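Report on the structure given below.
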Amino acid sequence: MSVLAIETAGLRKTYRGRRGRRVAVQELDLRVPAGGVHGFLGPNGSGKTTTIRMLLGLVRADAGTMRIFGEPVPERLPDVVARVGAIVESPRFFPAFSGEKNLRLLAGAIGAPPARVGQVLEQTGLAERARDRYRGYSLGMKQRLAIAATLLKSPDLLIFDEPTNGLDPAGIREIRETMRRLGEAGATVLVSSHILAEVEQVADTVSIIGHGRLLAEGPVAQVIGARGDLSVRVGVADVDAAERLLTAKGLLVERDGPGLRVRGTPDPARITYLLARQGLYVHELVPLRRDLESVFLELTAGAGLGEHPGSGAAQPVPAGRAGAAGEES
Ligand SMILES: Nc1ncnc2c1ncn2[C@@H]1O[C@H](COP(=O)(O)OP(=O)(O)OP(=O)(O)O)[C@@H](O)[C@H]1O
């Protein structure tokens, strides 16, 4: 079996403050395969940042073990740190210098070859604006420059904590494309987020946490597919007759607006056949798949997270994505 990029077992962290103890991470077993993009998902306050900070040796764990590329951390962090690039907080750049000059200075400071600067500017899509001053950059460009900076030392593992916070849709798309390129080039990208729509399109695998515990993990398709059935939306003129007929044939049918919804992963071909045989012709037949957003809501609600105000678990499904019901496959 190949070595995992990140592996934690029984990880636990409790903060002690004036208002008592707060369990941030509990018995967390995280497994991030090497290569590709891994979404680390959970509502606000579910323990993502704490986990990342423990992995990077910025916060001490109370219990459990952690490995990066098979090396126990924080003990062996000095041995693996050269293979890890992370953006946990916004890095500082000189506003009056260009993006390129900022990266040259940084490359010199960390001993990265100067030729690397041009490469990382290309990788993050900043080459065209490389000579512009940093202070004129959009938020998305600033964030991409931060990613470029972490790429200078050619890390095998990149850790991004909520990298799209505060970005507009164009900025979000740029970051997403950058992550996808890095994952495809063979790096492991761990990206934390509470906004699933952003991660679903780019992640190969995901871990979903709530209250510091792992709720689900695996390839995106598997995490979605393992939970619940697929359904088919059926548009037909005589809805009553179609409903009676399909129900009589043992299908799970319910009304869905002007049409019907057939649940239980039915075969669309069988639906058209049954209806057409009785002269009921289908004018719409849409297989609907669940998306990660609905799985996430279900999981976090099940963990008692769904009703927390501001928990992020109750993120409204963005316009144009009607959750489980609205995604065409
Ligand atoms: N330094 C700290 N002292 C006390 N409590 C903390 C500290 N840092 C985090 N916490 C608490 O630990 C819990 C987990 O927080 P954490 O920041 O790890 O979650 P998160 O999933 O990254 O959330 P977000 O998406 O909001 O960043 C929260 O309840 C938070 O209030």
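Every value quoted in this text rests on a predicted model; they were computed, and no experiment measured them. Ligands are counted one by one from 1 in listed order, and the atoms in each one are counted from 1 as well.
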Please report which non-hydrogen protein atom sits nearest to [atom], along with the residue it belongs to and the distance in Å to one decimal place.
{"atom": "atom 17 (O) of ligand 1", "value": "T49 CB, 3.7 Å"}
{"atom": "atom 15 (O) of ligand 1", "value": "T50 OG1, 3.9 Å"}
{"atom": "atom 23 (O) of ligand 1", "value": "G45 N, 2.7 Å"}
{"atom": "atom 9 (C) of ligand 1", "value": "Y15 CE1, 3.3 Å"}
{"atom": "atom 26 (O) of ligand 1", "value": "N44 ND2, 3.1 Å"}

Within ligand 1, which atoms have a heavy atom of [X] less than 4.0 Å away?
{"X": "K48", "value": "18 (O), 19 (O), 20 (P), 21 (O), 22 (O), 23 (O), 25 (O)"}
{"X": "P43", "value": "21 (O)"}
{"X": "S46", "value": "19 (O), 20 (P), 21 (O)"}

- Message: For F94, give me all partners under side chain to side chain contact (heavy atoms under 4.5 Å, CB included), at least two apart in sequence or on another chain.
- Response: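 With sequence neighbours excluded, F94 shows a side chain to side chain contact (heavy atoms under 4.5 Å, CB included) to F97, N102, L105, given in chain and number order.
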- Task: Mind jotting down which residue pairs meet the side-chain hydrogen bond (donor to acceptor under 3.5 Å, both in side chains) criterion with at least one end in residues 8-17? Sequence neighbours excluded, please.
- Result: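 Only R12-E27, Y15-T50 qualify under side-chain hydrogen bond (donor to acceptor under 3.5 Å, both in side chains).
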- Query: Distance only, no hydrogens: is a donor on one side chain within 3.5 Å (strictly under) of an acceptor on the other, for Q26 and H211?
  - Reply: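 No.
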- Query: Any chance the side chains of S231 and R261 put a donor and an acceptor closer than 3.5 Å?
  - Reply: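 Yes, R261 and S231 have a side-chain donor paired with an acceptor closer than 3.5 Å.
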- Task: Would you confirm whether Y137, through its side chain, and R129, through its main-chain N or O, come within 3.5 Å as a donor-acceptor pair?
- Result: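 A pair under 3.5 Å: yes.
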- Message: Donor-acceptor check, side chain of R116 to backbone of L151, threshold 3.5 angstrom: yes or no?
- Response: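 Checking the backbone N and O of L151 against the side chain of R116, a donor-acceptor pair under 3.5 Å is found.
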- Query: Can a non-hydrogen atom of E162 be found less than 4.0 Å from any atom of ligand 1?
  - Reply: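 The answer is yes: ligand 1 sits under 4.0 Å from a heavy atom of E162.
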- Query: Looking only at heavy atoms, is any part of R22 under 4.0 Å from ligand 1, and if so is it the side chain, the backbone, or both, or is it neither?
  - Reply: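 Within the 4.0 Å criterion, R22 contacts ligand 1 through side-chain atoms alone.
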- Query: So which bit of S192 gets within less than 4.0 Å of ligand 1, heavy atoms only: side chain, backbone, both or neither?
  - Reply: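 Answer for S192: neither.
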- So which heavy atom on L126 is nearest to which on R144, and how close?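 Looking at all heavy atoms of both residues, the shortest contact is CD1-C, 3.8 Å.
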- Task: Could you walk me through whether H38 and T188 pass the side chain to side chain donor-acceptor pair (under 3.5 Å) test, one step at a time?
- Result: CA-CA 7 Å; H38 185 89; T188 306; over 6 Å; no
- Among G47, G212, G17, A24, whose heavy atom sits nearest atom 19 (O) of ligand 1?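 Shortest heavy-atom distance from atom 19 (O) of ligand 1: G47.
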- Of L245, V232, V234, L246, which is the lone residue that meets side-chain contact (heavy atoms from CB on, under 4.5 Å) with L251?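 It is L246; the other options fail the test.
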- Just distances here: any N/O of T51 and N/O of ligand 1 closer than 3.5 Å?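 Min N/O separation from ligand 1 is not below 3.5 Å for T51.
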